[in-house]
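Some notes on the structure that comes next.
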Amino acid sequence: MIKIGLTGFGDHEELYGKIKPADRLPAYSAHFPIVEIDSSFYAVQPVRNYEKWVNQTPEAFQFIVKAYQGMTGHLRGKKNYYDTPEEMYRAFHTSIAPVRSAGKLAMALFQFPPWFDCTKDNVDFLREAKERLLDVPAAIEFRNDSWYSPEMRERTLRFLEQEGWIHTIADEPQAGSGSIPIVPVATRPDLTYVRLHGRNTTGWNQSSHPDWRKLRYLYRYSTEELTQWRDRLLELEQTCKNIYVVFNNNSAGDATPNAQELQSLLGIDGGLAPRQLDLFN
């Protein structure tokens, strides 16, 4: 089964019109069956947030929860909210408990920074992280091409398979060591994650620019490119039962129409019936 969605649910104005931010997730779920939660990268979310989101969405809706940046080595000297890894992971498990209890957690996403390269220390870091995750299904996305170098590609994939990591296949600009190629391989038979960031090569490495986030994800996939992805996903489906695809190219509102076009190319009716909320609860 292939499920398609977007990163975040709050910013896609083309879906909502005058709908207030507090009511946008139920509207979103009428178009897409999955969403990636990005706010959890910046801070482990309060339990009440997940309880609210669970209650706002249909029974079959699912969340991909992005791991807190302290868990993926992004802080680089910035303050961590937690004194120890044990405390940090305990907070993470507590945070996502409502999503797990509702059967709505698709996976956690561990997206690593461009400087997280293929070294023995980082392999050990991944083993430790997987142990701390206990039985939470977790996807891994690299941002350094050393993991997929000719001499390491098969070893990386074999390691992910042995450790039970869900492979994240990224579509992004080929812009040096801080980006990775498309590697359309499943490392688990049940789950694969695909993230489509766009192909804005010029904007990808503009981290010093004040609007670097907008530049980085400013891209609209063509029908030809989406058709290539349709074929790639159908082939992946031969080796993996569930494939989750999110579009992250939202700087100019391109993610929604691209996701809807891919749904159409695949013959997918992506929406779920909105949950009837108890307004008096």
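Just the heavy atoms: all of them, side chains too, but no hydrogens, waters or symmetry mates, feed the values below.
Ring orientation note: the planes of Phe125 and Phe112 are nearly perpendicular, at an angle over 60° on the 30°/60° scale. Using the six-membered ring where Trp is involved, Trp147 and Phe116 have ring planes that are parallel, under 30° apart on the 30 and 60° scheme.
Checking Asn249 against Asn258 by side-chain atom types alone, a donor-acceptor pair falls below 3.5 Å. Counted by atom type alone, Ser146 and Asn144 present one or more donor-acceptor pairs between their side chains at under 3.5 Å. Using modelled atom types, one finds a donor on one side chain and an acceptor on the other under 3.5 Å when comparing Tyr193 with Glu36. If you check the side chains of Asp38 and Thr7, you find no donor sitting under 3.5 Å from an acceptor. Side chains of Gln56 and Tyr28: no donor on one and acceptor on the other come within 3.5 Å. No donor-acceptor contact under 3.5 angstrom links the side chains of Glu87 and Tyr81, judged on distance only. Between the side chains of Glu14 and Thr256, a donor-acceptor pair is found at a separation under 3.5 Å.
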Checklist line | Evaluation steps, side chain to side chain donor-acceptor pair (under 3.5 Å), between Glu261 and Thr223 | finding: CA-CA 8 Å; Glu261 184 175 2; Thr223 297; 2.5 Å; yes
Checklist line | ring pair (Phe, Tyr, Trp, His ring centres under 6.0 Å) between Trp165 and Phe110, worked out | finding: CA-CA 10 Å; Trp165 286 100; Phe110 276 61; 5.6 Å; yes
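For the pair Glu154 (side chain) and Met152 (backbone), a donor-acceptor distance under 3.5 Å is absent.
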Can I get a per-line list of side-chain donor-acceptor pairs under 3.5 Å for residues 89-99, giving both atom names and the distance, sequence neighbours left out?
from	atom 1	to	atom 2	distance (Å)
His93	NE2	Arg132	O	2.9
Thr94	OG1	Arg90	O	3.0
Ser95	OG	Gln45	O	2.7

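Trp115 and Tyr148 fall into different hydrophobic clusters, where Ile, Leu, Val, Met, Phe, Trp and Tyr residues are linked whenever their side-chain heavy atoms come under 4.5 Å apart, directly or through other members.
Annotation: cation-pi geometry not satisfied between Lys104 and Phe63 (NZ/CZ under 6.0 angstrom from ring centroid, within 45° of ring axis).
Put simply, the residue from His197, Gln228, Arg232, Arg199 that forms a side-chain hydrogen bond (donor to acceptor under 3.5 Å, both in side chains) with Asp171 is Arg199.
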